[in-house]
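Here's the structure, in structure tokens; my notes come after.
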Amino acid sequence: MKQGELITLLNTYRKEQKCIIGFNINDIYDLQAVALAADEANCPVMAMTYPPVVELNSSFLCKKMVEGIQAKTKQPIYLHLDHSTSVDMCKQAIDDGYHSVMIDGSQKSLKENIAMTKEVVRYAESAGVLVEAEIGKIMGRDVVVKSDKDFLASVEDVRAIVEEANPHIMAVGIGTAHGFTPKAPKIHFDRLSEIAEAISVPLVLHGGTGIPDADIQRSIKIGVAKLNVGTIVHTTYMKELYNAIGKDVNSAYPPYLMKDVIPTIKDVVLDRLNAVNFVPANL
Ligand code: 13P
């Protein structure tokens with residue numbers, strides 16, 4: 001892969017109303033499932049590591065793992081650091097050869113968020129690494145929101161961070177939540193459109209597990225060029241593995257179990273890729 005290739009790809013995707021999916025992966029097995037699905041769907045993917053995965057394994061090892069799987073995968077697998085609140089972790093991932101990093105300053109003041117983002121963008125520049133920033137909040141997990149004002153990205157704030165810090169892509173809080181949601185999230189498409197009119201960088205939609213296909217496709221038409229999908233991947237992995245182990249834990253042997261688990265994870269990944277790659281003309 002050439003330096004800056006992913007940045008060019010996502011800019012083209014925004015113009016052509018296309019979207020790449022970043023899947024949160026945890027180890028070599030769910031990564032294999034993502035790679036198999038990418039080849040079957042005939043489209044590039046992003047493999048994203050959350051900070052705990054990097055803390056446990058190191059960004060060096062994650063990069064080597066993706067490099068190894070890439071060698072037997074036709075489609076590009078771009079490695080991304082997801083939701084890092086640490087500038088140092090982003091810098092280490094860049095040094096270790098990640099294609100893309102997210103510096104998440106969304107819980108900080110706008111001023112601090114801009115400063116953190118600027119520092120990572122400067123560091124990433126010579127390596128041609130893509131930088132994602134976030135404004136607004138993605139609900140769920142430990143993010144507590146009391147009203148729309150808490151999570152909804154303000155157009156002024158998005159414009160400010162893009163003009164001052166120059167991130168390549170922007171994650172924006174518009175009502176989606178991480179994880180399974182009791183009902184479909186209420187996405188503020190009006191705000192998404194206002195943001196898309198205000199800035200030309202590709203937009204990122206987080207919380208892909210709970211977003212209905214029609215809402216995903218409508219977002220792509222507006223300017224979303226990257227969708228994040230995580231929970232559905234690791235819950236499928238854990239449930240299938242749990243069922244495969246069954247009651248006889250003493251005879252459970254990892255390679256035999258994973259041979260059956262990987263195809264199930266792959267099917268879930270493929271299902272999400274099909275949701276993104278099919279965009280009806282009349283939306
Ligand atoms: P889900 O876990 O809801 O799929 O969201 C993943 C995500 O947005 C990672 O950044």
Side-chain angles (χ1 to χ4, degrees), residues 6 10 19-27 30-31 33-34 37 45-55 62 77-86 89-90 93 98-107 113 117 120 130-143 145 151-153 167-188 192 202-213 215-217 219-220 224-239 265-276:
L6 183 61
L10 286 190
C19 183
I20 195 166
I21 301 188
F23 293 98
N24 294 108
I25 56 102
N26 298 280
D27 59 26
D30 50 13
L31 175 60
V34 168
V45 286
M46 291 173 76
M48 310 193 296
T49 54
Y50 272 130
V53 177
V54 173
E55 279 153 17
C62 292
I77 307 167
Y78 300 101
L79 179 59
H80 173 82
L81 174 63
D82 197 23
H83 282 292
S84 173
T85 52
S86 154
M89 186 184 274
C90 288
Y98 271 53
H99 304 105
S100 169
V101 296
M102 174 186 193
I103 178 69
D104 181 356
S106 62
Q107 307 282 341
N113 193 355
T117 305
V120 176
L130 178 145
V131 179
E132 174 178 342
E134 178 174 323
I135 290 283
K137 294 183 178 68
I138 316 302
M139 290 178 279
R141 301 214 184 103
D142 47 1
V143 176
V145 291
F151 69 83
L152 209 50
H168 304 100
I169 57 175
M170 274 306 307
V172 288
I174 51 158
T176 63
H178 284 124
F180 291 108
T181 49
K183 52 184 179 141
K186 182 187 170 334
I187 300 186
H188 293 248
L192 186 63
L203 303 174
V204 185
L205 203 53
H206 283 239
T209 292
I211 310 174
D213 291 6
D215 286 351
I216 291 174
Q217 291 156 5
S219 309
I220 296 170
V224 167
K226 172 175 177 265
L227 173 74
N228 285 11
V229 175
T231 305
I232 189 75
V233 178
H234 78 249
T235 52
T236 302
Y237 182 173
M238 292 298 108
K239 277 185 205 155
I265 308 173
K266 187 210 75 180
D267 286 346
V268 166
V269 170
L270 196 55
D271 178 66
R272 292 302 75 211
L273 288 173
N274 289 339
V276 158

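Indexing begins at 1, ligand by ligand and atom by atom, following the structure's order. Keep in mind that this is a model prediction, so the values were computed, not measured.
Between the side chains of Asn24 and Asp82, at least one donor N or O sits under 3.5 Å from an acceptor N or O. Side-chain contact, Asp27 with Tyr237: a donor N or O sits under 3.5 Å from an acceptor N or O.
Within the 4.5 Å cutoff, the side chain of His99 has no heavy atoms near those of the Met46 side chain.
Near Ala177, meaning under 4.0 Å from any of its heavy atoms, are these atoms of ligand 1: 3 (O). Heavy-atom contacts of Gly179 reach the following atoms of ligand 1: 1 (P), 2 (O), 3 (O) (cutoff under 4.0 Å). Every atom of ligand 1 is numbered from 1 in the order shown, and the set under 4.0 Å from a heavy atom of Thr209 is 1 (P), 2 (O), 3 (O), 4 (O). Atoms of ligand 1 lying under 4.0 Å from any heavy atom of Asp82, numbered from 1 in the order shown and given with element: 9 (C), 10 (O). Residue contact check: His178 has heavy atoms under 4.0 Å from atoms 3 (O), 5 (O), 6 (C), 7 (C), 8 (O), 9 (C), 10 (O) of ligand 1. Heavy-atom proximity to Asn24, at under 4.0 Å, picks out these atoms of ligand 1: 6 (C), 7 (C), 9 (C). Taking every non-hydrogen atom of His83 and a distance limit under 4.0 Å, the qualifying atoms of ligand 1 come out as 10 (O). The ligand atoms of ligand 1 that sit less than 4.0 angstrom from a heavy atom of Tyr50 are 6 (C), 7 (C), 9 (C), 10 (O).
Ring-plane geometry between His83 and Tyr50 is classed as parallel, the angle between the planes falling under 30 degrees on a 0 to 90 degree scale with a further cut at 60.
Not one N or O on the side chain of Asn228 forms a donor-acceptor pair closer than 3.5 Å with the backbone of His206. Thr209 places a side-chain N or O within 3.5 Å of a backbone atom of Ile232 that can act as its donor or acceptor partner.
Remark: ligand 1 and Val229 share no N or O pair separated by less than 3.5 Å (distance only, no angle test). For ligand 1, none of its N or O atoms has an N or O atom of Gly210 under 3.5 Å away.
Within the 4.0 Å heavy-atom criterion, both parts of Thr231, backbone and side chain, lie near ligand 1. Of the heavy atoms in Ile232, none comes closer than 4.0 Å to ligand 1.
Partners of Asp213 according to the salt bridge (Lys or Arg N to Asp or Glu O under 4.0 Å) rule, which considers only residues two or more places apart in sequence or in another chain, are Arg272. Judged as a side chain to side chain contact (heavy atoms under 4.5 Å, CB included), and not counting sequence neighbours, Asp271 has no contacts.
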